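Presented below is the structure to which this report refers.
We count ligands from 1, going down the list as the structure has it; atoms in each ligand are counted the same way. A quick note: this is a predicted structure, and the numbers were derived from the prediction, not measured.
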Amino acid sequence: MLKINNATKSFAGIVAVDGCSFEIKKGTISALIGPNGAGKTTLFNCISRIYPIDSGEIIYKDRRLDLMPTHKIARLGIGRSFQITRTLDHLSVTENLVLHTAGGIGSHLLLPAITMENRQKAGEIMEFLGISALADMDMGSLSFGQKKLLDLGTVLMADPELILLDEPAAGVNLRLLEDIIEKLVTLKNQGKTIFLIEHNMDLVMEISDEVIVMSAGMIIAQGQPTEIQKNAEVLDAYLGTNA
Ligand SMILES: Nc1ncnc2c1ncn2[C@@H]1O[C@H](COP(=O)(O)OP(=O)(O)O)[C@@H](O)[C@H]1O
Ligand SMILES: [Mg+2]
């Protein structure tokens, strides 16, 4: 479904993504792991075209994403989480869900344009995430964990086929972690393809069909969770910088 061929991205001398190649299969959950600074987020930014790649190819459903204008990519069915750090605290959870989807922060000017359909969609997603009770609460009163769920919710608003999640479980407690795992597995069972960056190895090993390991900009291993767990090079990458 998503194929990365020899992709490279540098920032003023730093090669953040260095000749990466791998493939994500439709209907699977794949995890991208690796120490801090490995280039994981940059790779996601290249896939969602926040950054153009310097060389290589990014192919989604047989189309060259890297050659496509950014505004077309949004309509292809790729959803991407942006860890919600800024929210409109004085607005409700429902309003935040709809507005983040519509145009990100600053889009409160669009508030009068929220349709019944948007509200209904937001309602369905909150129900799926088990946070319907929060619908009318001020965003500012939510806990960190609740905001993490909302983060997933904003991605789902656009009904993406391929879901990119950057550290969906970072900083959450065990109960919420189990909750998130259950939601991700449900989404996969609904036919979604999930590609996530995650440091929590329990989550990665439990839900991934495929694990891709990145270190210093390069893909150093790819395989099923059990294979990856045995891989010495992978353990080195972690123990070296991130133990
Ligand atoms: N916009 C940017 N400008 C300059 N350097 C960047 C930028 N984004 C990322 N980098 C650098 O690219 C490298 C990889 O970073 P990142 O992709 O965030 O790693 P990870 O997500 O694996 O922790 C780091 O050295 C980081 O400093
Ligand atoms: Mg990162």
Side-chain angles (χ1 to χ4, degrees), residues 2-24 29-58 60 65-66 70 73 78-86 100 104-105 144-145 147-152 154-155 160 162-172 176-177 180-181 184 194-205 207-208 210-223 225 228-229 231 233-243:
L2 177 72
K3 212 185 240 172
I4 314 289
N5 283 337
N6 207 15
T8 295
K9 174 69 190 171
S10 303
F11 300 104
I14 302 166
V15 187
V17 174
D18 192 358
C20 289
S21 300
F22 59 89
E23 196 173 336
I24 301 292
I29 298 180
S30 303
L32 181 62
I33 66 171
N36 285 322
K40 305 180 299 295
T41 298
T42 303
L43 188 56
F44 265 33
N45 285 336
C46 291
I47 295 168
S48 49
R49 271 295 288 281
I50 290 168
Y51 303 135
I53 46 175
D54 300 332
S55 60
E57 298 176 335
I58 299 177
Y60 176 67
L65 266 194
D66 54 296
T70 328
I73 291 172
I78 302 178
R80 156 93 200 257
S81 73
F82 290 94
Q83 304 179 322
I84 298 183
T85 44
R86 292 185 304 163
H100 258 279
I105 213 76
F144 175 80
K147 283 186 181 166
K148 290 295 281 188
L149 279 177
L150 249 290
D151 195 24
L152 178 57
T154 57
V155 181
L162 172 64
I163 301 173
L164 304 176
L165 301 171
D166 197 343
E167 302 192 28
V172 308
L176 185 57
L177 178 68
I180 290 174
I181 287 175
L184 295 179
I194 300 175
F195 186 24
L196 54 93
I197 296 171
E198 187 50 57
H199 282 296
N200 187 311
M201 282 304 119
D202 292 339
L203 182 149
V204 167
M205 296 303 164
I207 68 169
S208 305
E210 194 85 3
V211 180
I212 297 161
V213 189
M214 195 170 182
S215 179
M218 290 179 273
I219 306 299
I220 60 166
Q222 175 168 12
I228 293 299
Q229 255 169 332
N231 188 317
E233 202 176 348
V234 170
L235 293 175
D236 273 353
Y238 266 99
L239 295 175
T241 32
N242 207 37

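- Judged purely by atom type and a 3.5 angstrom limit, D66 has no side-chain atom pairing as donor or acceptor with the backbone of E57.
- Of the listed options K9, K40, H199, K40 places a heavy atom closest to atom 22 (O) of ligand 1.
- Considering only heavy atoms from C-beta on, I180 comes within 4.5 Å of L149 through its side chain.
- Of the polar atoms of N36, none of the N or O atoms is found under 3.5 Å from an N or O of ligand 1, judged by distance alone.
- For the pair F22/L43, a side-chain contact is recorded, criterion being any heavy-atom separation below 4.5 Å from C-beta on.
- Side chains of N231 and V213 form no contact here, defined as non-hydrogen atoms less than 4.5 Å apart.
- Under the 4.5 Å side-chain criterion, counting only non-hydrogen atoms from C-beta, I228 is not in contact with V204.
- Close approach of ligand 1 to T42 is summarised as follows: ligand atoms under 4.0 Å from at least one heavy atom of the residue are 9 (C), 14 (C), 15 (O), 16 (P), 17 (O).
- Protein heavy atom closest to atom 12 (O) of ligand 1, with residue, atom name and distance, is A16 CB, 3.3 Å.
- Counting only heavy atoms, the protein gets under 4.0 Å from atom 2 (C) of ligand 1.
- With hydrogens and angles disregarded, a donor-acceptor distance shorter than 3.5 Å links the side chain of S21 to the backbone of N6.
- Inside a 4.0 Å radius of atom 16 (P) of ligand 1 there is at least one protein heavy atom.
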* To do: Determine, step by step, whether N200 and V172 satisfy the side chain to side chain contact (heavy atoms under 4.5 Å, CB included) criterion, reporting the C-alpha distance in whole Å, the side-chain angles of both residues, the deciding distance to 0.1 Å, and the verdict.
  => CA-CA 10 Å; N200 187 311; V172 308; over 6 Å; no
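- Between V211 and Q229 the shortest side-chain heavy-atom distance does not fall below 4.5 Å.
- Nearest protein heavy-atom contact of atom 19 (O) of ligand 1 is G39 N, 3.2 Å.
- Geometrically, ligand 1 and A38 share a nitrogen or oxygen pair separated by less than 3.5 Å.
- Looking only at distances, a side-chain donor or acceptor of D54 sits under 3.5 Å from a matching main-chain atom of S10.
- Scanning all protein heavy atoms for the shortest distance to atom 25 (O) of ligand 1 gives I14 CG2, 3.9 Å.
- Listed by chain and residue number, the protein N/O/S atoms under 2.8 Å of the Mg ion (ligand 2) are T41 OG1, with waters left out.
- Using a distance-only test at 3.5 Å, with no hydrogens or angles considered, no donor-acceptor pair links the side chain of E198 to the main chain of A31.
- Between the S208 side chain and the I29 main chain, no donor and acceptor come within less than 3.5 Å of each other.
- Nearest-residue assignment for atom 18 (O) of ligand 1 (options L32, T41, V17; heavy-atom criterion): T41.
- K40 contributes a side-chain N or O that, together with a main-chain N or O of G34, makes up a donor-acceptor pair within less than 3.5 Å.
- Look at F44 and you'll find every heavy atom at least 4.0 Å from all atoms of ligand 1.
- Polar contact check, F11 against ligand 1: no nitrogen or oxygen pair lies under 3.5 Å apart.
- For atom 14 (C) of ligand 1, the nearest non-hydrogen atom from the set G37, C46, A216 belongs to G37.
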